[in-house]
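Convention: sequence-line order gives letters A, B, ...; per-chain numbering from 1.
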Amino acid sequence: MSSMDITNLTKEKLTSMFNAGKRFDGRGLLDLKDFEVEYGVSNMAEGSARVRMGKTEIIAGVKMEVGTPYPDSPNKGNLTVSADLLPLASPRFEQGPPKFNAIELPRLIDRMIRESGMIDLKKLVIVEGEKVWTVIVDIYPINDDGALVDAASIACVAALKNAVFPKLKEDGKIDYHAKSDERLPLVETTIPLTFTFYKLGDNLFLSPVREEEEACESKVTLGISKLDGRYMINSCQKGLSVPFRQEEIEKIVKLLPEKYDEVMKTFNKYLK
Amino acid sequence: MVARPSGRKANEMRSMKAKVGIIPNADGSAMFAFGDTIAIAAVYGPRQLHPQHMQDPSTGILRVNYDLLSFSVSERKKPGPSRRSKEISQVTEWALSPVLDLRAFPNTVIDVQIYILQADAGTRTAGINAASMALAHAGIPMKNLICSVAVGKLDKDLALDADNAEEHYDEGEGHTDIPLAKIAGTDEFTLMQLDGKIPPEMIKDVLEMVNKGCEEIYEVQKKALKEIVE
Amino acid sequence: MIENEINEENEQIESSEGNKRWVVVPGEIIVSGEDFLPGEGARREGDNVIADRFGLAEVAGRMIKVIPLSGAYIPRRGNVVIGRVVDVTFNGWLVDTDSAGSAFLPIAESPRFLNRNEMDQYLGIGDVLSAKIWSIKGRGIDLTLKGRGLGKLEGGFIFRINASRVPRIIGREGSMITLIKEKTGCNITVGQNGWVWVKGDDLDSEIKARKAIEFVADKVLIEGLTDKMEVWFQEN
C-alpha cells in the first residue's frame with residue numbers, strides 16, 4: 001500500500017489553488033524551486049555533483065572506461081546514462097527490478113545530453129574503430145520531493161563539467177588513482193537542461209513538490225540548449241494520458257527560453 | 001614496528017564525521033565517515049511487510065541492504081547487488097539486530113538502506129555506524145548503539161581503521177583485515193570477520209584496539225544524535 | 001471533538017512541562033538510584049535507569065521515561081487517525097493510515113446503516129476520513145467511525161507531518177492548535193498518525209494554517225513554542 005498517493009481532497013484543493021495562481025509554498029505556478037550545486041560527492045568518480053532543489057536531493061557521478069566503439073559509429077566514443085531509484089530516497093521506491101520511472105529518467109537525460117552535442121564524442125576516440133572512451137553517468141536520488149528529472153539534468157551537466165580523464169597507462173589500462181588534468185571534450189557554450197511542464201486541470205506548472213507531482217494529470221519533459229547563440233529544443237517526451245492542447249504547447253515552447261535563462265543565471269555561478 | 005603509510009599511530013583512527021537527519025523522506029537517517037569513506041543510511045518503518053508469507057506474527061523483522069554507488073570505487077561498480085554486497089547486508093543485519101527489540105511491531109519490517117558514496121576501506125563498518133544512528137533516529141526501541149571499526153594488520157603490526165592504501169600493504173605478512181562491531185559500552189561483539197593471517201595470541205590486542213576505537217565512535221554518534229535537537 | 005481524544009494522550013507529555021527533560025541516546029544512563037522507576041522507553045540495569053530509545057528523557061517525580069522525537073507512527077488502540085480509502089470491499093473499506101499494517105473499516109462501523117450498494121457513494125477510493133482505532137490484531141488495524149467528530153472529511157485538504165510532532169501541534173491542553181485555529185479561522189483535525197486536515201473559508205487562510213503547523217512541526221525541540229507562535233503570527 002503506497003502511503004504517498006494523494007487524496008481526492010488535496011487534489012481538488014490543489015486544482016482550485018492553481019486556478020487562483022497559488023501554491024502552498026508561496027511560489028507562482030511557473031516559478032522554479034531554488035537550487036544549489038556541490039561538486040566532488042565522490043573522489044573516486046572522474047566527476048561528480050550533488051544538486052539540492054528544495055527538499056529534493058540528487059547526485060550524479062561520471063566514470064570513464066575504455067571500450068570498443070559501436071560498429072555504426074567507429075569514430076565516436078560512447079555515452080551511457082543510468083539511474084537507480086534507491087529505496088533509500090523515498091518510501092515509494094522499492095527494491096527489485098526497475099519500474100518505468102527508473103527506466104525513463106536516464107533515457108530522458110541521455111537524449112538531452114546526446115542530442116545537444118554537449119559532448120564531442122569524436123574526441124573520445126583512442127584508436128579509430130578499435131578503442132574509445134566510454135563516459136558513464138550514474139544518477140542516484142537521495143531524497144525525492146518531486147521534479148527529479150529536472151534536478152537530475154542539472155546534476156549530470158555539473159558532474160560532466162567537473163570530470164577529468166583518468167590516466168591511461170602504457171599497457172592501455174586505466175590508472176584510476178592518477179587523474180589527469182584533462183577535462184572531457186565538452187562544447188563550452190552548450191549547456192543542456194530539461195524542463196518538465198506538469199498539467200492539472202487547465203493549469204501548467206513547473207518544479208513540483210511531491211504532492212503536486214502526485215496530483216498532476218499530464219506532463220512533458222523538454223531538453224533545451226543553445227547552439228551558436230540560438231535556443232534549440234533537443235528532446236521531448238510527453239508522459240501520462242491527458243492530452244496537451246496546441247495552445248498549451250505553444251505556451252510551453254515560448255516559456256522555455258525564459259526558464260532556461262533563469263536556471264542558467266544560478267547555474268553559471270557554479271560553472272565558473 | 002612498521003610505519004603506517006598514512007603516518008597515523010597504530011591506534012589512531014581517521015577523522016570521523018557524522019550527521020543525523022540527512023534524508024527528510026526517511027523515518028530515520030544518518031551519515032558516517034571515516035576519513036574518505038562516506039556511508040549514508042536511511043531507515044523506513046516499522047511498515048507493512050510484503051510478501052505476507054514473510055511476516056512474523058511474533059515480531060517485526062529487520063531487513064538490511066548495503067551497496068556501493070557505482071562511482072564510489074575506482075573501477076565502476078555495476079548497479080545491482082553483488083555477492084559481496086549481499087553478504088555484507090546479511091552480516092550487517094546480524095551486527096545490528098542484537099540491540100533491537102521489535103516484538104512491539106509484529107508482522108512489520110524495518111528497512112535499513114545503506115549506501116557508500118565514497119570508498120576508502122572500512123565501508124561496512126562505516127555503514128554499520130551510520131545505520132545504528134539512523135535506527136536510533138527512527139525511534140526504534142534499542143538497548144544501545146552499535147559501534148564498528150576494522151583493525152588492520154600490516155606485516156606483523158596492528159593498525160586501527162586502515163585506509164585503502166594500507167589495505168594494499170604487501171610487505172612481510174601483508175595486510176590482514178579484521179572488521180568488528182560491538183554493543184557500545186559492553187564486551188559483546190556483533191560482527192566478526194577476518195581476512196589474512198594473524199597468530200591467535202594477537203586477537204586479544206585486536207579486541208583491545210577495537211574497544212578503544214569504539215569508545216571514540218560512540219562519542220561521535222552520540223554527539224550527532226544530540227545535535228539535531230534545538 | 002477529535003482533538004479531545006488526542007489531548008488525553010497528549011496530556012502526559014505536555015502536562016509535565018517544567019519537569020527536567022533532556023536528550024538521551026539508546027543505552028545512555030538517565031539517572032542512578034534505587035528510587036526511580038523506569039517508564040516507557042527506559043529500563044533498569046542495576047543501580048541505573050537507562051534509555052531504551054533515542055528521545056527526550058523526562059523525570060516526573062520517581063518516574064523516568066523517554067519521549068520519542070522522531071520516527072514512524074506506531075498505531076495504538078483508541079487513537080484517532082486520518083486515512084485515505086484505498087479499496088472498497090464487499091464488507092467494508094481498506095484504509096491507508098500510513099502505518100505498519102493495513103487498516104480496515106467494516107461496514108457495520110459506519111455511523112449510520114448503509115446498504116452494500118451505497119458503500120462507495122458514502123466513501124469511495126481516494127476519499128478521506130477520520131476514524132478511531134478500536135482494535136489492533138495480528139495483521140491489521142480495525143477502525144470505527146462511531147464516535148463524535150469521526151467520519152468522512154469533506155472539503156479542505158490533507159497534508160502530513162511527522163507523527164512524533166503531533167503532541168507539539170496540539171500543545172499543552174490544546175493551546176497550540178487552539179491558537180492556530182483562532183488566528184486562521186480554519187477547522188483543523190490532527191490525526192495521531194501525523195495526517196492533518198484543514199478546512200477554511202478561503203485559500204489564503206488554509207495556506208496560512210498549513211504554514212503555521214509546518215513551522216511548529218519543523219522544530220525538533222523548543223521551549224515556549226506557543227509564545228514563538230504568537231510572534232510568528234504577527235510576522236506572517
Side-chain angles (χ1 to χ4, degrees), chain B residues 20-21 24-30 43-50 52 55-58 60-61 99-102 104-111 132-147 183-186 188 218-230, chain C residues 21-29 40-43 45 48 50-57 66-76 86 94 96-103 136-141 160-165 168 193-194 214 217-225 228:
Chain B
V20 170
N25 279 343
D27 294 313
S29 60
V43 171
Y44 287 91
R47 61 181 176 182
Q48 206 169 6
L49 174 59
H50 297 289
Q52 218 174 48
Q55 295 181 358
D56 184 340
S58 65
I61 289 169
V99 290
L100 302 178
D101 182 359
L102 307 181
F105 318 120
N107 298 308
T108 68
V109 64
I110 289 156
D111 276 306
S132 167
M133 289 188 288
L135 282 162
H137 183 223
I140 309 291
M142 219 174 157
K143 282 202 273 293
N144 217 320
L145 293 174
I146 296 285
C147 307
I183 302 174
T186 73
E188 297 184 287
Y218 179 72
E219 291 305 319
V220 171
Q221 289 174 313
K222 192 163 87 173
K223 184 161 171 277
L225 278 162
K226 295 195 175 188
E227 262 170 11
I228 66 162
V229 180
E230 290 171 55
Chain C
R21 306 198 291 196
W22 68 98
V23 187
V24 290
V25 304
E28 195 174 353
I29 297 170
E40 220 181 317
R43 69 178 188 273
E45 252 179 43
N48 302 322
I50 291 172
D52 254 344
R53 65 178 170 214
F54 171 61
L56 211 50
V66 180
I67 304 158
L69 286 165
S70 47
Y73 169 63
I74 308 300
R76 296 207 175 159
V86 287
L94 214 56
D96 173 12
T97 57
D98 206 5
S99 52
S102 55
I136 299 171
K137 287 186 298 208
R139 287 228 156 88
I141 298 162
R160 309 182 331 153
I161 57 163
N162 189 310
S164 65
R165 308 292 155 77
R168 328 215 91 227
N193 58 338
E214 285 175 341
D218 280 346
K219 306 288 164 214
V220 178
L221 169 66
I222 286 188
E223 296 303 325
L225 200 48
K228 286 206 169 63

Trainee: Quick check: does any side chain N or O of B/Lys226 sit under 3.5 Å from a backbone N or O of C/Val23, one acting as donor and the other as acceptor?
Mentor: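 Side chain of B/Lys226 to backbone of C/Val23: a pair is present.
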Trainee: Heavy-atom distance under 4.5 Å between the side chains of B/Lys143 and C/Asp52, does that happen here?
Mentor: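 Yes - at least one pair of side-chain heavy atoms lies under 4.5 Å apart.
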Trainee: Examine whether an atom of C/Ala163 lies under 4.5 Å from a heavy atom of chain B, and if so say whether it belongs to the side chain, the backbone or both; otherwise answer neither.
Mentor: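 No part of C/Ala163 comes within 4.5 Å of chain B.
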Trainee: Please state whether the side chain, the backbone, both or neither of B/Tyr218 comes within less than 4.5 Å of a heavy atom of chain C.
Mentor: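 B/Tyr218 touches chain C through side-chain heavy atoms alone.
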Trainee: Looking at CZ of B/Arg47 and OG of C/Ser99, how far apart are the two atoms once the value is rounded to the nearest 0.5 Å?
Mentor: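 Reported value, rounded in 0.5 Å steps: 13.0 Å.
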Trainee: So, applying side chain to side chain contact (heavy atoms under 4.5 Å, CB included) with C/Phe54, which one of B/Leu225, B/Leu145, B/Val20, B/Leu135 is it?
Mentor: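 That would be B/Leu225.
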Trainee: Let me know if B/Ile140 has heavy atoms under 4.5 Å from chain C in its side chain, its backbone, both or neither.
Mentor: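 Interface part for B/Ile140: backbone (N, CA, C, O).
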Trainee: Between C/Val24 and chain B, which part of the residue has a heavy atom less than 4.5 Å away: side chain, backbone, both or neither?
Mentor: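 Only the backbone of C/Val24 comes within 4.5 Å of chain B.
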Trainee: Which heavy atom of B/Asn144 sits nearest to which heavy atom of C/Pro26, and what is that distance?
Mentor: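 Smallest interatomic distance, heavy atoms only, reads OD1-O, 3.4 Å.
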Trainee: Check each atom of B/Ala184 against the heavy atoms of chain C and say whether the ones under 4.5 Å are side chain, backbone, both or neither.
Mentor: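 Looking at B/Ala184, nothing touches chain C.
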Trainee: Under the rule for side-chain hydrogen bond (donor to acceptor under 3.5 Å, both in side chains), what residues qualify as partners of C/Glu45, not counting sequence neighbours?
Mentor: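 Per chain and number, C/Glu45 pairs via side-chain hydrogen bond (donor to acceptor under 3.5 Å, both in side chains) with C/Arg43.
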Trainee: Tell me every residue that passes side-chain hydrogen bond (donor to acceptor under 3.5 Å, both in side chains) with C/Glu214, counting only those two or more places apart in sequence or in another chain.
Mentor: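 Residues passing side-chain hydrogen bond (donor to acceptor under 3.5 Å, both in side chains) with C/Glu214: C/Arg210.
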